[in-house]
Amino acid sequence: MKSEPDVFSIWDLMAKGTSGWDGVRNFQARNFLRAMRKGDRAFFYHSNADPPCIVGEVEIVKEAYPDPTQFDPKSHYYDDSSNPKDPRWSQVDVRFVREFPRPLTLQEIKGIKPLREMVLVTRGRLSVQPVASAEWNLIVGICGRR
DNA sequence: GCCAACGTTGGC
DNA sequence: GCCAACGTTGGC
């Protein structure tokens with residue numbers, strides 16, 4: 001799950017404990033949000049950061065429900081074409097699990113052969129995306145220790 | 001700040 | 001249903 005740290009960083013989540021993951025306005029990303037199940041883990045990725053990197057781990061604590069910002073005209077994420085009877089956009093709630101002792105930069109990921117096929121690399125613009133279990137285990141193995 | 005990649009919109 | 005125009009993402 002990607003977020004720009006200037007907007008919402010893993011340290012913001014650490015301070016809050018849990019947070020709604022709102023503002024997703026891409027259908028594919030939304031569909032991946034809807035596929036998430038309570039207890040699932042996800043990486044927290046800092047996009048548009050210097051350097052862009054995987055910084056930690058979160059847990060899904062509430063499955064997809066309508067993202068309220070789509071109905072808030074004052075919100076940056078307001079979508080006047082979304083029908084309240086059939087909301088277009090969803091969010092999940094996530095809980096901070098940990099910040100990795102060693103973040104993994106996109107540049108490093110591209111240099112690790114088994115990670116080159118990650119959606120992160122091949123479909124760079126997708127902000128919520130699946131991670132294969134082999135990829136997950138490899139990354140946790142690298143990031144989990146300093 | 002630039003720009004490649006690519007998703008979305010809307011005319012036809 | 002196609003595709004041009006346009007907007008956004010996100011790395012660099």
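So that the names make sense, note that chain A is the first sequence line, chain B the second, and so on, each numbered from 1. Owing to the predicted nature of the structure, the values given are computational and were not obtained by experimental measurement. The basis for the numbers below is simple: all heavy atoms, side chains too, and nothing from hydrogens, waters or symmetry mates.
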Side-chain donor or acceptor of [X] paired with backbone N/O of [Y] under 3.5 Å:
X: E59(A); Y: V94(A); value: no
X: H46(A); Y: D6(A); value: no
X: K2(A); Y: L126(A); value: yes
X: S19(A); Y: L13(A); value: no

- Query: Heavy atom of residues 19-29 of chain A under 4.0 Å from DNA chain B: which residues?
  - Reply: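 When residues 19-29 of chain A is checked for heavy atoms under 4.0 Å from DNA chain B, the hits, listed by number, are N26(A), F27(A).
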
- Task: Hey, which sits more toward the 5' end of DNA chain B by its nearest nucleotide, T122(A) or R88(A)?
- Result: T122(A)

- Is the count of non-hydrogen atoms from other residues, nucleotides or ligands lying under 6.0 Å from N83(A) atom CG greater than 12? yes

- Query: Does the pair F44(A) and W21(A) meet the rule for a ring pair (Phe, Tyr, Trp, His ring centres under 6.0 Å), with working shown?
  - Reply: CA-CA 11 Å; F44(A) 196 126; W21(A) 199 270; 5.3 Å; yes

Quick test: give all pairs of protein nitrogen or oxygen and nucleotides 8-12 of chain C nitrogen or oxygen below 3.5 Å, distance rounded to 0.1 Å.
{"from": "dT8(C)", "atom 1": "O2", "to": "R125(A)", "atom 2": "NH2", "distance (Å)": "2.9"}
{"from": "dT9(C)", "atom 1": "O3'", "to": "R125(A)", "atom 2": "O", "distance (Å)": "3.4"}
{"from": "dG10(C)", "atom 1": "OP1", "to": "K2(A)", "atom 2": "NZ", "distance (Å)": "3.3"}
{"from": "dG10(C)", "atom 1": "OP1", "to": "R125(A)", "atom 2": "O", "distance (Å)": "3.1"}
{"from": "dG11(C)", "atom 1": "OP1", "to": "Y45(A)", "atom 2": "OH", "distance (Å)": "2.7"}
{"from": "dG11(C)", "atom 1": "OP2", "to": "N48(A)", "atom 2": "N", "distance (Å)": "3.0"}
{"from": "dC12(C)", "atom 1": "OP1", "to": "K110(A)", "atom 2": "NZ", "distance (Å)": "2.8"}

- Could you tell me which residues satisfy side chain to side chain donor-acceptor pair (under 3.5 Å) with W89(A), sequence neighbours excluded, listed by chain and number? D79(A)

- Relative to Y65(A), does K62(A) satisfy both conditions: NZ or CZ under 6.0 angstrom from the six-membered ring centre, and within 45 degrees of the ring's axis?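 Pair K62(A)/Y65(A) counts as cation-pi.
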
- Whole-Å gap separating P (dA5(B)) and CD (Q129(A)): 18 Å

